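For reference, the structure is listed below as structure tokens.
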Amino acid sequence: MEKLILIDGNSIASRAFYALPLLSNSSGLHTNAVFGFTTMLLKLIEEEKPTHFLVAFDAGKVTFRHADYKEYKGGRAKTPPELSEQFPLIRELVQSFGIPQFELPGYEADDIIGTLTRLADEKGLNVIVVSGDKDMLQLASERVTIALTRKGVSEVDRYTPEAISEKYGLVPKQIIDLKGLMGDASDNIPGIPGVGEKTALKLLHQYGTVEEVLSKADEITGKMQEKIKEHAADARMSKELATIFREVPMEMKLDELHFAGFDGPTLGAMFRKLEFKSLLEKMDLSSGDGADEALQATVEIEIVSTQTLGILANEFPDVEAVHIEIVGENPHVSDVIGLALLTSKGKSLFVPAELLDTPEAGALRDWLADEHASKTVYDMHRTEVALHWKGIPLRGVTFDVLIAAYLLDPTESTHTLNELAGRYNLSPISADENVFGKGAKFKVPEIGPLSEHLSRKADLLAKLKPVLKGELEKNEMNPLYYELEFPLARVLASMEKQGIRVNADGLRQLGGDLGKSIEKLAEGIYKGAGMEFNLNSPKQLGDILFDKLGLPVIKKTKTGYSTDAEVLEKLAPYHEVVSSILNYRQLAKLQSTYVEGLLKEIRGETGKVHTYYQQTIAATGRLSSQFPNLQNIPIRLEEGRKIRKVFVPDEPGWSVLAADYSQIELRVLAHISGDENLKEAFLNDMDVHTKTAMDVFGVSETEVDSNMRRQAKAVNFGIVYGISDYGLSQNLNITRKEAGQFIEQYFSVFKGVRNYMDDIVKQARTNGYVTTLLQRRRYLPEINASNFNLRSFAERTAMNSPIQGSAADIIKLAMVQIAGRMKREKVRSRMLLQVHDELVFEVPEDELDLMKRLVPEVMESALALDVPLKVDVSYGENWYEAK
DNA sequence: AAACTCACG
DNA sequence: ACGTACGTGAGTTTT
């Protein structure tokens with residue numbers, strides 16, 4: 001069955017442009033409309049499988065319509081340059097798809113499409129017209145379906161003549177009459193003033209056409225008659241303007257519109273140019289989908305067997321890189337599925353994972369554990385943890401490609417090898433998703449494709465290494481890499497392998513108590529609401545609060561009423577159930593996340609939880625913690641804080657010791673800004689929020705009350721986050737004006753801070769990035785955006801990242817140094833957790849004095865600043881007591 | 001998979 | 001005028 005798709009290129013491009021955020025590629029070219037256009041084409045090709053295809057464009061600005069009505073499309077906002085610059089790209093894209101395109105001076109895309117649908121109809125071809133313009137509906141017929149975009153470009157509504165009749169009660173041709181009556185503001189078509197869709201439809205249902213309406217105007221009552229008579233000429237002209245011209249002088253040669261599907265490599269090349277990485281991966285165009293094997297690196301592969309494992313040892317000195325594939329998100333509970341060793345001769349030795357457990361694998365295991373056998377790997381940290389649970393130590397890693405890639409651009413959301421190939425212009429490899437499948441479809445492939453994929457990864461590691469090393473050098477990141485992040489990876493692995501003991505019985509007890517309270521609260525709430533519902537559903541809760549109980553709506557979310565804690569607190573005075581709901585939320589959170597969630601993470605073998613720190617996620621350089629997240633264990637409210645009691649030392653009689661930096665971010669700010677006043681506060685070891693209150697409110701220390709201190713504290717937070725009057729006003733529940741005055745007052749006293757904020761934003765604008773004390777970078781491509789929101793966000797990030805990131809540098813440095821000291825001092829104490837500005841240890845009785853002294857000493861001297869770093873230490877029989 | 005909510009620094 | 005505080009991870013419901 002032959003099927004023709006006709007696309008209104010201009011209409012779809014502008015729909016896509018306004019529907020998507022302003023993306024831009026590395027050279028600053030905007031690509032959001034191109035991206036939306038691409039998505040639409042891909043979807044159409046997949047779903048419709050057209051045999052014939054055409055994209056029509058408007059040519060130039062003046063069409064025959066202007067000859068009749070020069071205001072046509074006047075008053076319309078000029079096409080923004082961000083969109084017009086994308087049209088050449090869209091044409092190029094269409095060409096890369098192998099889709100014919102057409103334009104004709106003096107005619108709009110819809111006239112071309114109108115003409116083609118007429119011709120196609122005559123030839124008995126089925127047609128789908130894709131546009132964002134309702135006018136197109138006039139073209140619908142038995143063979144011609146109109147697909148109109150709905151919210152964005154990803155979804156379309158299909159209109160057959162039946163569908164049009166159902167929706168409007170009109171036949172397709174009457175769409176022209178509809179517009180003749182109601183006009184179209186966007187094209188500056190007047191219609192009859194005061195006639196909107198409703199009235200126009202009513203008139204058409206009665207009279208059928210504009211002409212009929214005009215001639216029978218006398219029958220119409222009231223003001224409407226007057227209007228119609230007065231604007232009869234407008235209506236006639238509007239109808240004419242809205243009529244798609246279906247006699248464009250053109251021929252349709254069907255074979256010229258033939259579409260045989262796109263060519264993977266051609267399209268892939270275009271996507272690479274546009275930097276559509278996600279699409280490249282999703283479609284596996286980077287690997288060429290098997291069709292263009294030539295694009296992939298070719299590697300000679302030897303699959304190792306038990307017989308050849310023994311002689312493998314001869315090759316070890318030649319191994320340049322080893323890729324160890326681990327499946328599963330959590331390396332503590334994951335499987336190793338194979339190793340690929342790339343030798344300097346460019347050959348890959350592939351070892352299936354099963355072989356690791358055979359007696360013949362002794363030499364390989366020894367090599368992996370050999371401190372002196374130098375290896376380049378991808379993600380040492382994760383690999384070390386996974387191998388650990390198989391009883392294999394990993395040592396001798398000298399270069400980690402993942403960490404290097406992260407440092408070179410920490411804002412990239414992931415750094416998969418397949419992406420890195422693209423990022424550094426090396427031969428592409430398949431994305432894991434395409435080799436393994438994803439989600440429920442995940443499957444380890446046959447040894448052939450598996451060995452090939454992993455060998456290509458190993459090969460890529462060897463090729464990436466010199467490139468990344470060069471980039472690190474160029475960015476002056478060698479100390480950051482070799483003295484901080486790389487050694488830290490091993491420290492993290494050892495903390496995670498150690499794990500922290502959790503008192504499961506204590507946790508279950510807590511859960512039981514919570515369960516009872518939760519049940520009571522729920523009962524009370526149902527009673528107060530007059531019915532039972534799912535309390536965990538914000539949607540249902542919103543219906544109850546705002547529709548049933550009629551409470552005032554404070555805030556809305558994208559999809560409905562907001563019911564977050566901030567809203568509920570404001571509603572509490574109106575109805576007694578509200579505070580119970582807040583209570584319920586608090587306890588339910590504790591129950592599901594911290595009692596049930598934590599219990600699930602306790603390992604049977606060890607009775608401990610083994611978190612995994614992500615070292616290559618946070619754009620600022622912070623760590624993050626998963627499986628479970630131990631960086632967000634409750635502390636602010638007493639009920640939640642009790643959770644900390646179940647975190648206990650591994651051995652009886654030991655203590656949990658916690659050491660946290662006091663005000664590290666503000667101290668860092670004092671240092672980088674050089675603000676004399678702020679520095680002085682820390683040099684005199686003052687309470688910084690009190691000091692801020694004194695200066696902002698112009699009072700003496702004794703006059704600072706708790707409310708002033710609270711507000712000053714919020715100002716300090718705001719400063720660290722990249723202040724805005726709006727943000728501060730939200731936080732303090734004051735007006736924007738008042739917040740603005742606070743900020744102004746703050747800057748007049750802390751002039752150095754203001755200068756820093758101005759400078760850092762300027763720096764970001766000139767360099768495109770900002771740096772931390774240890775030269776960690778964060779790129780801010782949106783710092784020069786014309787969109788206010790994007791630009792403001794980038795500016796705040798420019799202010800915040802060096803502060804948050806330098807604080808991260810410092811504690812990471814302290815961790816590496818402490819790990820070194822603990823090893824040298826041969827202590828039995830262990831470092832267990834990092835919570836951004838806090839380190840947690842477990843310490844035997846006889847080492848308490850040593851550790852109480854050593855830990856803060858190292859932390860405070862990790863990096864010398866112009867102000868002292870201060871660390872508070874405490875300890876107890878569990879994490880709760882270490883406060 | 002996305003939206004909402006909430007825990008931490 | 002614009003309309004968000006910076007950085008994370010996880011549980012639940014809804015689509």
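Every value quoted in this text rests on a predicted model; they were computed, and no experiment measured them. Order of the sequence lines sets the chain letters (A, B, ...), proteins ahead of strands, with each chain counted from 1.
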Between P on dC8(B) and CD on Glu665(A), what's the gap in Å once rounded to a whole number?
16 Å
Go through the N and O atoms of the side chain of Ser792(A) and the base of dT4(C), and report whether any donor-acceptor pair is under 3.5 Å.
no
Nucleotide nearest Lys558(A) (side chain, heavy atoms from C-beta), chosen from dT14(C), dA3(B), dC6(B)
dA3(B)
Is Arg636(A) side chain donor-acceptor paired with the dG9(B) base, going by distance under 3.5 Å alone?
yes
Got a salt bridge between Lys441(A) and Glu433(A), using NZ or NE/NH1/NH2 to carboxylate O under 4.0 Å?
no
By nearest atom, which of the nucleotides dA1(B), dC6(B), dA7(B) is closest to the Ala565(A) side chain?
dC6(B)
Could you tell me how far dC2(C) sits from dC6(B) if I compare only their C1' atoms? Round to whole Å.
29 Å
For His381(A) and Tyr612(A), what are the C-alpha separation, side-chain angles and deciding distance, and is it a ring-ring contact (aromatic ring centres under 6.0 Å, His included)?
CA-CA 10 Å; His381(A) 169 205; Tyr612(A) 177 65; 4.7 Å; yes
Would you indicate what Thr559(A) reaches in the nucleic acid, counting non-hydrogen atoms under 4.0 angstrom: base, sugar-phosphate, or nothing?
sugar-phosphate
For atom CG of Leu535(A) and atom P of dT14(C), their distance in whole Å
12 Å
Rounded distance in Å between the C1' positions of dC8(B) and dG3(C)
26 Å
What nucleotide among dA10(C), dT5(B), dG9(B) has an atom nearest to a side-chain atom of His836(A)?
dG9(B)
Closest of dT15(C), dA5(C), dG7(C) to the Thr620(A) side chain is dG7(C)
With heavy atoms under 4.0 Å as the rule, sort Ala798(A) into base, sugar-phosphate or nothing.
nothing
Here the distance between atom P of dG9(B) and atom CD1 of Ile810(A), to the nearest Å, is 18 Å
Side chain of Arg585(A) only, heavy atoms from C-beta on: which candidate in dC6(B), dT13(C), dG9(C) is closest?
dC6(B)
Touch check for Gly718(A), heavy atoms < 4.0 angstrom, all strands: base, sugar-phosphate only, or nothing?
base
Determine, for Lys600(A) against Glu596(A), whether the closest basic-nitrogen to carboxylate-oxygen distance falls under 4.0 angstrom.
no
A side-chain contact here means heavy atoms from C-beta on lying under 4.5 Å apart; do Gln615(A) and Leu623(A) qualify?
yes
When all nucleic acid strands are considered with a 4.0 Å heavy-atom cut-off, which category describes Ile633(A): base, sugar-phosphate, or nothing?
sugar-phosphate
Atom CD of Glu329(A) and atom P of dA10(C) are separated, to the nearest Å, by 9 Å
Sugar-phosphate, base or nothing in reach of Gln730(A), heavy atoms under 4.0 Å:
nothing
Of the nucleotides dG9(C), dT13(C), dT5(B), which one has an atom closest to the side chain of Ser624(A)?
dG9(C)
Determine the contact category for Ile635(A): base if any of its heavy atoms lies under 4.0 Å from a base atom, sugar-phosphate if only primed atoms, P, OP1 or OP2 are that close, otherwise nothing.
sugar-phosphate
Length of the CD-C1' vector between Gln614(A) and dA10(C), whole Å:
14 Å
Under 4.0 angstrom, heavy atoms only, what part of the nucleic acid is Asn534(A) near: base, sugar-phosphate, or nothing?
sugar-phosphate
From the candidates dA5(C), dT4(C), dG9(C), the one with an atom nearest any side-chain atom of Ile723(A) is dA5(C)
Ser562(A) side chain, from C-beta outward: closest of dT13(C), dC6(C), dT5(B):
dT5(B)
Of the nucleotides dT4(C), dC8(B), dC4(B), which has the atom closest to the Phe788(A) side chain?
dT4(C)
How is Ala619(A) classified with respect to the nucleic acid when contacts are heavy atoms under 4.0 Å: base, sugar-phosphate, or nothing?
sugar-phosphate
Distance check needed: dA7(B) P versus Leu598(A) CG, whole Å only.
16 Å
Is it the case that the base of dT4(C) and the side chain of Arg796(A) share a donor-acceptor contact (distance under 3.5 Å, atom types as modelled)?
yes
Rounded interatomic separation in angstrom, taking NZ from Lys589(A) and P from dT5(B):
12 Å
Describe the nucleic acid contact of Ser801(A) in one word from base, sugar-phosphate, nothing, applying a heavy-atom distance below 4.0 Å.
nothing
hbond_proxy Gln631(A) side chain to dC8(B) base (donor-acceptor, 3.5 Å cutoff):
no
In whole Å, what is the span from the OH atom of Tyr561(A) to the C1' atom of dT14(C)?
17 Å
Flag, side chain of Thr772(A) to backbone of Pro802(A), donor-acceptor distance under 3.5 Å:
no
Within the 4.0 Å heavy-atom criterion, would you say Asn731(A) contacts the bases, only the backbone, or no part of the nucleic acid?
base
Under 4.0 angstrom, heavy atoms only, what part of the nucleic acid is Val720(A) near: base, sugar-phosphate, or nothing?
nothing
Which one is paired to dC2(C), where only Watson-Crick or G-U wobble pairs with both distances under 3.5 angstrom count?
none
Select base, sugar-phosphate, or nothing to describe what Asn629(A) touches, counting heavy atoms under 4.0 Å on all strands.
sugar-phosphate
Between dC4(B) and dT4(C), how far is it from one P atom to the other, in whole Å?
13 Å
Can you tell me which nucleotide in dG9(B), dA10(C), dC4(B) comes closest to the side chain of Gln626(A)?
dA10(C)
Is Arg641(A) touching bases, backbone alone, or none of the nucleic acid, heavy atoms closer than 4.0 Å?
nothing
